[in-house]
Amino acid sequence: MRILYNSSLQKATFFLTGFQGLEDLHGWISIPFCFIYLTVIIGNLSIIHVIRTDVTLHEPMYYFLAMLALTDLGLCLSTLPTVMGIFWFDAREIGIPACFTQLFFIHTLSLVESSVLLSMSIDRYVAICNPLRYSTVLTPARIIRMGLSSVFRSALLILPLPFLLKRFQYCHSHVLAHAYCLHLEIMKLACSSIIVNHIYGLFVVACTVGVDSLLTFLSYALILRTVLSIASHHERLRALNTCVSHICAVLLFYIPMIGLSLVHRFGEHLPRTVHLLMSYVYLLAPPLMNPIVYSIKTKQIRQRIVKKFELIKSLRGFQQD
């Protein structure tokens, strides 16, 4: 197959890929993916709804959690149309505008998630190391500015990528290896030199995920130093327990990212299915698991969600009566 060009508009069509060699099983493969997407949507919407409607949760920690849930929801919805389109309708064709738009949202929201996780670590640092100044440091106005700065930083850094890709002509195979569009994969299809894209991509990763991870590690080093200085064993455990959910969220974000990088770098001999599964784990594991972790480990969130379901159940019973 050759890439399809419109000579006047200089547009092209790419083809997405599901699980190669398992096309006959795509209907069955779609079942767990459908369950994952539904769980992600329901779980993150529940977190956002509970925090929005319960005034007792209008605190910095829960505002940041709502930002994380909103980011995870957006990341999920960015890949859902093309992934489920392939499984259900074998809709593999995607135009450049749609592909570059999807690429922009996937990469932007991934960077926003990294930034939100850093904001949450700052929240835990202030809460544990400077508890008396917690409400004065993390005011609603400052939290809004932190959230907006995360979005603007990520969007401005990712915005050049579609334009850097648009200047290329694509003379190699136009079949992408995933069911969604990624910068690294598309630029490899270009005919000309991609050194500028490589350098800029590394720059973006270094000044976002790289900086965020270092600052997150630093904040937890300071938290640990403060916790170890607390005389009471019970108080130490109580302080650390408030960080467990966030630590899990950080690990859910960075471990799949590192695993995917290692597979791409050293796993050329591995089956293509392994690469696909790792890419899905990287994009879907955090949005899937974050609501579950916070619902289990955060007592206030768990109680509010249970109360909401009990209310719905009681209303249904009342209607039936």
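Model, not experiment: these values are computed from the prediction.
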Please tabulate, one pair per line, all N/O donor-acceptor pairs under 3.5 Å involving side-chain atoms of residues 280-293, not counting sequence neighbours.
unit_1, atom_1, unit_2, atom_2, d
N290, ND2, D72, OD2, 2.9
N290, ND2, P286, O, 3.1

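A 6.0 Å sphere centred on CD of E235 holds more than 12 heavy atoms belonging to other residues, nucleotides or ligands. Shown here is R272, whose CZ atom has more than 12 heavy atoms of other residues, nucleotides or ligands within 6.0 Å. For F104, the CZ atom sits in a packed shell: over 12 heavy atoms of surrounding residues, nucleotides or ligands are nearer than 6.0 Å. The local environment of CZ in R133 is sparse, with at most 12 non-hydrogen atoms from other residues, nucleotides or ligands closer than 6.0 Å. Residue R167 places its CZ atom among more than 12 non-hydrogen atoms of other residues, nucleotides or ligands, all under 6.0 Å distant.
The backbone N or O of G21 sits less than 3.5 Å from a side-chain atom of E23, completing a donor-acceptor pair. When atom types are taken as modelled, the side chain of R92 and the backbone of F15 share no donor-acceptor pair closer than 3.5 angstrom. The backbone N or O of S115 lies less than 3.5 Å from a partner atom in the side chain of S119, making a donor-acceptor pair. Side chain of T298 to backbone of S295: no donor-acceptor contact under 3.5 angstrom is found. In this structure, R142 contributes its side chain and V137 its backbone to a donor-acceptor pair below 3.5 Å. Side-chain atoms of Q102 come within 3.5 Å of backbone atoms of S78 as a donor-acceptor pair (strictly under, hydrogens ignored). Between the side chain of T17 and the backbone N or O of L176 there is at least one donor-acceptor pair closer than 3.5 Å. Using a distance-only test at 3.5 Å, with no hydrogens or angles considered, no donor-acceptor pair links the side chain of T139 to the main chain of T136. At distances below 3.5 Å, at least one donor-acceptor pair connects side-chain atoms of H107 with backbone N or O atoms of H183. In this structure, the side chain of S219 does not engage the main chain of I122 through any donor-acceptor pair within 3.5 Å.
Here the options are Y125, Y220, F64, Y294, the test is ring pair (Phe, Tyr, Trp, His ring centres under 6.0 Å), and the partner is H246; only Y220 passes.
The aromatic rings of H178 and Y180 sit parallel, their planes meeting at an angle under 30°, below the 60° perpendicular limit.
In this structure, L277 is a member of the same hydrophobic cluster as M257, with clusters built from ILVMFWY side-chain heavy atoms closer than 4.5 Å. Note: the hydrophobic cluster containing L159 also contains L184 (ILVMFWY, side chain heavy atoms under 4.5 Å, direct or indirect links). The same ILVMFWY cluster, assembled from side-chain heavy atoms under 4.5 Å apart, contains both F163 and I195.
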Can you check side-chain contact (heavy atoms from CB on, under 4.5 Å) on V204 and L111, steps first, answer last?
CA-CA 9 Å; V204 169; L111 297 187; 3.7 Å; yes
Decide side-chain contact (heavy atoms from CB on, under 4.5 Å) for I144 and Y63; before the verdict, give the C-alpha distance in whole Å, the side-chain angles of both, and the deciding distance to 0.1 Å.
CA-CA 9 Å; I144 292 173; Y63 288 143; over 6 Å; no
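Closest approach of S30 to M84, counting heavy atoms only: O-CE, 3.8 Å. For G18 against L276, the heavy-atom pair with the smallest separation is O-CD1, 3.3 Å.
Among pairs with a residue in residues 66-92, those fulfilling ring-ring contact (aromatic ring centres under 6.0 Å, His included) read H26-F87, F33-F87, at least two apart in sequence or across chains.
Judged by distance alone, the side chains of R304 and T56 do bring a donor and an acceptor atom under 3.5 Å apart.
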